[in-house]
Chemist: 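I'd like to ask you about the structure that follows.
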Amino acid sequence: MFKEFLSALVYEMLKFSAKHPKAKQSDMTELRIPAVFKEYLGEASEAVLAKDVKLIIMFLNDASAVGGIDYKRNKFFKAFIKFLTEKLASSLDKLPATFYKAEHAEQIKIVEKLIASDSVVAKALKNLIITNSYQELASEINELCKNIAEAPYVLVQSPREIDSELKSEIRENLNKDFESSFPVFQINKNLIGGLRVFVDGTSHDYSWFSRISSISNL
């Protein structure tokens, strides 16, 4: 699923590193990759980057083997999980509820507006969002979070669709308790009101839910 995105990302990092082997994050203003990867690149030596690229290629060839210790300790893959659970998650939360039912041309317009950049990496990210359903993305991301960061599966149920601002608030709070998790939002019309949160299948209650109790009036 992430082959195009990671391939584009690695290409841009290697191209930049070849020209600026000792560059720090502050020197990367013209490098068009997500900030979390700039941070990684600014800290990685040439030797570390070369070693990590080999690990990324291994992942691209066999993503099912990602549970190994090398992946769990690797700073690039930690950055990758951070990107998926924060930046990409935020982008997905901002998509309208009708996005996945829209015509392909309309989906392209929506994603182009959401991600304004035309960089190689941004184009790969846009394609990732357009060619995969929310369920497919969430499933793949959660599998990576589990295998690399040992994060639990977090499910948030609501009686109706909730807006992106509220999703962001819920996601931010849940990630304080379950670092590197990717909360999945699901509509359960059988709920009379409020929200339900399940962590690895177990229901959890949170006092901070009182601050967003307006969900019960949707």
Side-chain angles (χ1 to χ4, degrees), residues 1-2 5 9 25 33-40 42-43 72 74-100 110-111 113-117 121-122 125-126 128-129 132-188 191 193-218:
M1 177 180 287
F2 298 105
F5 173 76
L9 178 63
Q25 190 175 358
I33 63 175
V36 66
F37 296 111
K38 287 185 180 182
E39 183 178 346
Y40 157 79
E43 297 175 354
K72 292 180 179 180
N74 185 266
K75 289 187 177 181
F76 174 84
F77 279 90
K78 287 182 179 180
F80 184 38
I81 291 297
K82 184 178 177 64
F83 171 76
L84 295 176
T85 58
E86 295 181 10
K87 183 63 176 178
L88 179 57
S90 176
S91 295
L92 295 176
D93 289 345
K94 292 175 183 176
L95 293 173
T98 57
F99 176 79
Y100 292 103
I110 293 171
V111 174
K113 186 176 181 180
L114 179 67
I115 304 173
S117 174
V121 175
L125 183 58
K126 293 174 191 178
L128 176 71
I129 295 173
N132 295 279
S133 69
Y134 176 79
Q135 289 77 14
E136 289 171 332
L137 286 166
S139 177
E140 190 79 10
I141 293 171
N142 266 299
E143 190 68 17
L144 288 173
C145 291
K146 174 185 176 181
N147 290 331
I148 296 174
E150 299 182 345
Y153 177 77
V154 181
L155 175 66
V156 181
Q157 291 186 337
S158 61
R160 292 181 62 183
E161 184 69 31
I162 53 181
D163 62 45
S164 60
E165 185 176 345
L166 183 53
K167 283 182 180 179
S168 295
E169 183 178 356
I170 294 170
R171 193 181 292 280
E172 181 180 349
N173 277 283
L174 287 173
N175 269 288
K176 291 177 181 177
D177 292 332
F178 308 105
E179 188 178 357
S180 299
S181 65
F182 181 87
V184 175
F185 293 90
Q186 182 185 79
I187 296 174
N188 183 348
L191 292 179
L195 297 170
R196 281 185 183 175
V197 174
F198 297 89
V199 180
D200 281 340
T202 302
S203 179
H204 282 242
D205 294 321
Y206 292 92
S207 59
W208 52 264
F209 268 13
S210 61
R211 294 190 291 107
I212 52 176
S213 60
S214 59
I215 187 68
S216 63
N217 296 320
L218 288 177

Chemist: Does Lys94 have any salt bridge (charged side-chain N to carboxylate O under 4.0 Å, His left out) partners at least two apart in sequence or in another chain, and if so, which?
Modeler: none

Chemist: From Tyr134 OH over to Phe99 CZ, what is the distance, rounded to the nearest 0.5 angstrom?
Modeler: 13.5 Å

Chemist: Kindly compute the distance separating CG (Leu166) from OG (Ser158), expressed to the nearest 0.5 Å.
Modeler: 8.5 Å

Chemist: Roughly how far apart are Phe80 CZ and Ile148 CD1, rounded to 0.5 Å?
Modeler: 7.0 Å

Chemist: Please identify each residue that fulfils salt bridge (charged side-chain N to carboxylate O under 4.0 Å, His left out) with Lys38, with sequence neighbours left out.
Modeler: none

Chemist: Return the set of residues passing salt bridge (charged side-chain N to carboxylate O under 4.0 Å, His left out) with Lys75 (not counting sequence neighbours), or none when no residue passes.
Modeler: none

Chemist: Taking only residues two or more places apart in sequence, or in another chain, which ones meet Glu43 in a side-chain contact (heavy atoms from CB on, under 4.5 Å)?
Modeler: Glu39

Chemist: Going by salt bridge (charged side-chain N to carboxylate O under 4.0 Å, His left out), name the residues that satisfy it together with Glu140, two or more places apart in sequence or in a different chain.
Modeler: none

Chemist: For Lys146, which residues count as a side-chain contact (heavy atoms from CB on, under 4.5 Å) partner, sequence neighbours excluded?
Modeler: none

Chemist: Are Phe83 and Phe5 close enough, and set up right, to give a ring-ring contact (aromatic ring centres under 6.0 Å, His included), and what steps lead you there?
Modeler: CA-CA 12 Å; Phe83 171 76; Phe5 173 76; 5.1 Å; yes

Chemist: Let me confirm one number: the NZ-OG distance from Lys126 to Ser91, rounded to the nearest 0.5 Å.
Modeler: 11.0 Å

Chemist: Might you confirm whether atom NZ of Lys87 has over 12 heavy atoms from other residues, nucleotides or ligands at distances under 6.0 Å?
Modeler: no

Chemist: Using modelled atom types and a 3.5 Å cut-off, is there a donor and acceptor pairing between side-chain atoms of Lys167 and backbone atoms of Ala89?
Modeler: no

Chemist: Looking only at non-hydrogen atoms, find the nearest pair between Phe178 and Pro152 and report the distance.
Modeler: CD2-CG, 3.7 Å

Chemist: Would you name the heavy atoms of Ile81 and Ser180 that are closest together and state the gap between them?
Modeler: CG2-CB, 3.8 Å

Chemist: Sequence neighbours excluded, which residues qualify as ring pair (Phe, Tyr, Trp, His ring centres under 6.0 Å) partners of Phe76?
Modeler: Phe37, Tyr40

Chemist: Mind running side chain to side chain contact (heavy atoms under 4.5 Å, CB included) on Ser181 and Thr85 for me, showing each step along the way?
Modeler: CA-CA 7 Å; Ser181 65; Thr85 58; over 6 Å; no

Chemist: Just jot down the side chain to side chain donor-acceptor pair (under 3.5 Å) partners of Asn142, sequence neighbours excluded, or say none.
Modeler: none

Chemist: Between CD1 of Ile162 and CG of Leu195, what distance do you get to the nearest 0.5 Å?
Modeler: 6.0 Å

Chemist: With a 3.5 Å distance limit and no angle check, can you tell me whether Ser168 reaches the backbone of Ser164 through a side-chain donor-acceptor pair?
Modeler: yes

Chemist: Under 4.5 Å between any side-chain heavy atoms of Pro34 and Val121, yes or no?
Modeler: yes

Chemist: Going by side-chain contact (heavy atoms from CB on, under 4.5 Å), name the residues that satisfy it together with Leu92, two or more places apart in sequence or in a different chain.
Modeler: Leu88, Leu95, Tyr100, Ile129, Leu137, Phe182

Chemist: Just how far is it from atom CD of Glu169 to atom CG of Leu174, taken to the nearest 0.5 Å?
Modeler: 10.5 Å

Chemist: Report yes if the side chains of Leu144 and Phe77 come closer than 4.5 Å at any heavy-atom pair, otherwise no.
Modeler: no

Chemist: Quick check: closest heavy atoms across Glu136 and Met1, and the distance to 0.1 Å?
Modeler: O-CE, 3.4 Å

Chemist: According to side chain to side chain donor-acceptor pair (under 3.5 Å), who are the partners of Glu179, at least two apart in sequence or on a separate chain?
Modeler: none

Chemist: Only counting residues at least two apart or in another chain, list the ones meeting side-chain contact (heavy atoms from CB on, under 4.5 Å) with Gln186.
Modeler: Leu155, Gln157

Chemist: Can you give me the closest heavy-atom contact between Ala138 and Val184, atom names plus distance?
Modeler: CB-CG2, 3.9 Å

Chemist: Test of understanding: with ring pair (Phe, Tyr, Trp, His ring centres under 6.0 Å), list the residues that count as partners of Tyr153, not counting sequence neighbours.
Modeler: none

